S.K.: 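Please see the structure below; I have some questions.
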Amino acid sequence: MNKSRPLVSELLYQLMLMAGIPIFVTVGLFFWQLYPQLTGNISQEQQSIATLAAEQTQQRIRTAEQQVLFFLELARENQSLGNKKNVSSLLSGFVKQNSYFDTLYLLNTKGVIKQIAIRDTPTETANKLYIGVDTSQSALFKSKEEGRYERWSQVLLSVVTGRLSIAFMVPYADGTLVAELAIDRLPQLSQELAAQGLILIILDKHAQLIAHPDPQLSQQQVNMSTLSLVTNNTQKLLVSGSFDMDGITYFGTRVKMVSPDWNIIVAEEQDAIYAPLYRTLNLWLVSILAIVVIVVLSARQRAKEFSTRFGMLNEQAREITHGHYERSIDEPKITEFKELSDNLIVMADAINKREQSLQTQEQQLRNTLESAPNIAIQWYDETGKVHYWNRASEHIFGISEQRAFNSPLEQLMFKGPDAEDFKKLLMRVTQKHVSSEDFELPFTHNSGQPGYVQGTVFSVPSQTGKDLCVCMMTDVTQQRQAEANIIKLNQDLELRVEDRTRILKRTNSELSDTIGTLNETMEQLVHSEKLAALGSLVAGIAHELNTPIGNALMASSSLSDFTAQIKSDLAADSIKKSTLENFLNDAAAASSITYRNLERASELISSFKQVAADQSSSQRRQFKLYDLVNEILLTLQPQTKKLPITINTSIAQEIELDSYPGPLGQVISNLVINAVIHGFEEGESGVITITVEELDHELSIQVSDNGHGIEEALISKLFDPFYTTKLGQGGSGLGLHIVHNITTEVLHGTVSVNTTLGEGTEFTITIPRVAP
Amino acid sequence: MLKLSLSPIRLISATLVALLAACSEPAPWQFGFVGGLSGRVSDLGGPARNGMLLAVEEANSIGGINGRTIQTQIKDDKQDASLSVIAVEELLAANVDAIIGPVTSSMAIQVAPLANAAKTVMMGVTVTTNELSGLDDYFLRSLSPTAKHAGVTAKVLYQDVGIRSVAGVYDLRNESYSKGWINDFTTQFEAQGGTTTKLMSFSSQNPEELLAIADELLESQPEMVVFVTNAVDAALLAKLVREKNASIKIATSEWAGTERLIELGGTHVEGAYVPQYLDRESRDLDYQKFRSAYMNRFNQEPGFPGLVGYNATNVIITALRENPDPKQLKHTILRHKAYPSVQGDLTFDEFGDVTSNTYVTQIQNGTFRVLNRK
């Protein structure tokens, strides 16, 4: 839940926020706009100073150059440089008079000094010391070859003065005139600027320091090539930026001079530049703090005033609550407060009117409650004391309103534990402000007559602020009596149902016994069916063997007769050659017949052996379907041979199965016999076809006939046990049931039938090549 | 509620505190440098300072020493003893972690006691005076003392070049070095069997003095004149003696063996014998790398002062990486003993001295050619 907060802090918070936003906007503006502008101004100012300094320096250099050139002009006019004596005095004169150069000398083409004049040194001494000095190895002389003549050298140590100098070189006659300018003259400009808090640095082409406010530093050949201001944007004529030197950060501007190839840097310590800026910033922060404090204090004061005003209005509202509807405070001077105060009074009037209308409504409600004839309505407080008792209550319970008001709950209509329950219900409803569910309680009429009431209890707020329970009840005594009668009837009915159930259970158990017996009988029948199959097998064997063995017997007995004949002829010595030849021919034929027929008998026996073993053992093995079917058909020959029925097979020889040959044989045999018996009328000719279709892992074996088919109504019962259309004509009714059982349970396949009346029937069994 | 409404103030103060905190980085190391940076001896001090700067810049480019960058404070003593003392006092007052310099022996003699008193390591650059050898002090250096270099030079000149008599002159402004050197040289030279015809000294403030010196040296008729001076004076002296006697042989001490000697002397110093602290023709990869970095940075040859300044500074940097306590610096250096440097390891003895090579060169066609490479 949101906690309410006092007006004082809320107002304070809001005002702080209002003051804070402009402060932060100003800070932002300062850093985004004002700060870059200020630094921009500084760099502009520096750039103009640097440019000016560069111009001044350039000017001085130009003046110096002009003096040398002027001197040369003069010398040329006089043709005096050819004359040694004249030259010497001319040079000395120039060194004395000009304000820049300390040393002037003439070099021959090999770089050897030929003439020299040094300021403040006697001509003779200078000549003795320096004429003949070979400068050919010096940077000065070497630089002469770099290109442009009439040029300034870089800073170098003077051979003559031993001081750092720059030299202006002009070609003259065969050699060169060199005017040396000691660079310690240049720092004057630097020092002038240093007085303004700026430092001015002059660097030569190789960033060697030429001038610095500290004149000593100028003499120290400091190389400043690593200064970021020098390394960055080397080609730019004017660059500004900060850089570090001797651990101090400077903000400076570099100007590139053209001739000589120098750089001039004007810089100022960054701290010094920003000092006024930081002072302003500090002042500004302090002002902000002051503003914040003032805002806090004044906001507090204002909030307190508002708080007092609201307090007074509060007081007025409280007065109204207590029924004083007149204005109890001074009329406020602020419009909004006055309007609020007036509205409170208007509100009080409205409340008053609404109260009166409520009273009227209450009376109407009371009348309605009193006039309800069958609904007993009572009001209770949470202790169970009656606050209202309508006329219907008096009638139903026989208790007067007067008595109800003055009696404790236990002495009214509910007695003992019922009274306790009712009291608990009242308490629960008042405490939890819920409606009770419908309840039903027995009661005792004032006359002592027992009865039942049904009712509900709910709470309503009362004038005292505590909840009251409203209880509404109707007399259900008559309904309860009717219900009691119904319950009795129901109990009788249940007893009867139990009796019936018991009888049914007994019948049921007898039935299951019967079914058990039937199942046993069926198994016996199945067994006997198997035996019958074996019997027919044996009959088949006997029948098949009959022919070859009979043939063999016949041939061997004929042979025996021939032998006896020839034997007697031999004894009578009446044997002729032709007779012997005939005998030998007949004997060969007879033994051949005997041999062939016995071989046939042997084949038959071995195949019967296999069939018999399979059928009696149900063993699993690998076998060829082609062989199996042929053997089966062989055993069936006794039953089919005499009938005009042809059995065709279409089975590939190489189909091999890993399954149960005995059961499969029985299935095929049953299907063939079924077709023979049921497909055709007696003496009717027909064709039975056995075909095999190879599927992926399965085989589909069809046994079909072109007989008269099966009626559709019978198809659903076809595989049921003991179902037969030839009862009493040799059909056991188990043949197809066995087919179904073996196919599904032993071979793990399926069996289906497809038949058309008048055209024939086709049974299809589908089994896995490898039985699971 | 009232507290909550104060949060903007808190926010501002928190921001300010955060900004201040972000500005503080670990304090940088402070390396002081003292040496003659202007005037006639600036050919030692300038490159020495540059060598130091190169080493410092290289260290800073990989994050300094243990995450702290190095700042340098550079003082010019103008080869003046009083200025040198002031410079070192200023550096010590600024609490530098180590001092690199000075570059000449006479300055080193003056300021070494100050470093000892402050227990701050002072790593001399081209200081070779014998007077500071074998002392358990805070003055360390990365070159052998003068006696060794002078001895090798005397031996090569006597045995290999075949010189039998010399006349020498030395500069009084760097007496601690020059006098020691000429004494060691003549002692060794005479010990081999040579003779010294003349020994002179001068103060280089006045070049006019050199005229008379050149004459006097030649008057003693030596086979060779030996200059223990700076390069500018050596070049001028060479010119003066050669004008009088074109075939006179010339030798200098290592002090003059900078690029300036050739630049200023030109043809007059051709054939002169100059011992060097470094092998200028070294094909050693480290040396080549150093030389090219130096030339890129300063646009001039490092010479021996540049190399020695670079090596000396790297010794300090390596030692501080191993033990960042500057008070322990001396012990760290001496305990560690061997430091890899350009042109061979530097091995410190218990007095903070090292043994370094001497390469005797001859100026041929404007370049120094080593005569005694091993």
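A quick note: this is a predicted structure, and the numbers were derived from the prediction, not measured. Per chain, numbering begins at 1; letters A, B, ... match sequence-line order.
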S.K.: What part of B:E243 gets within 4.5 angstrom of chain A, counting heavy atoms only: side chain, backbone, both, or neither?
M.R.: side chain
S.K.: Taking only residues two or more places apart in sequence, or in another chain, which ones meet A:F243 in a ring-ring contact (aromatic ring centres under 6.0 Å, His included)?
M.R.: A:Y250
S.K.: Does a side chain donor of either B:D97 or B:Q30 reach within less than 3.5 Å of an acceptor in the other side chain?
M.R.: no
S.K.: Is it the backbone or the side chain of B:R242 that comes under 4.5 Å from a heavy atom of chain A, or both, or neither?
M.R.: neither
S.K.: For the candidates B:E259, B:E208, B:R297, B:Q71, which exhibits the highest count of non-hydrogen atom pairs separated by less than 4.5 Å from chain A?
M.R.: B:R297
S.K.: Could you have a look at A:N223, A:T135, A:V112 and say which one has the most heavy-atom pairs with chain B under 4.5 angstrom?
M.R.: A:N223
S.K.: Answer whether the closest heavy-atom distance between the side chains of B:F227 and B:I250 falls below 4.5 Å.
M.R.: yes
S.K.: When rounded to the nearest 0.5 angstrom, what is the spacing between CG in A:L203 and CH2 in A:W262?
M.R.: 10.5 Å
S.K.: By a 4.5 Å heavy-atom criterion (distance strictly below it), what part of B:Q73 contacts chain A: side chain, backbone, both, or neither?
M.R.: neither
S.K.: For A:K256, which residues count as a side chain to side chain contact (heavy atoms under 4.5 Å, CB included) partner, sequence neighbours excluded?
M.R.: A:L237, A:R254, A:D261, A:N263
S.K.: Measuring heavy-atom distances to chain B, does A:L281 have an atom under 4.5 Å in its side chain, in its backbone, in both, or in neither?
M.R.: neither
S.K.: Within residues 262-270 of chain B, which residues come under 4.5 Å of chain A, heavy atom to heavy atom?
M.R.: B:I262, B:E263, B:L264, B:G265, B:G266, B:T267, B:H268
S.K.: For A:S287, give me all partners under side chain to side chain contact (heavy atoms under 4.5 Å, CB included), at least two apart in sequence or on another chain.
M.R.: none
S.K.: Take B:R291 and B:E301 through the test salt bridge (Lys or Arg N to Asp or Glu O under 4.0 Å) and record every step on the way to the result.
M.R.: CA-CA 7 Å; B:R291 181 171 170 265; B:E301 282 280 352; 2.5 Å; yes
S.K.: More than 12 non-hydrogen atoms from neighbouring residues, nucleotides or ligands closer than 6.0 Å to CG on B:N365, yes or no?
M.R.: no
S.K.: Quick one: pull up NZ in B:K244 and CG in B:D215 and give me the separation to the nearest 0.5 Å.
M.R.: 3.5 Å
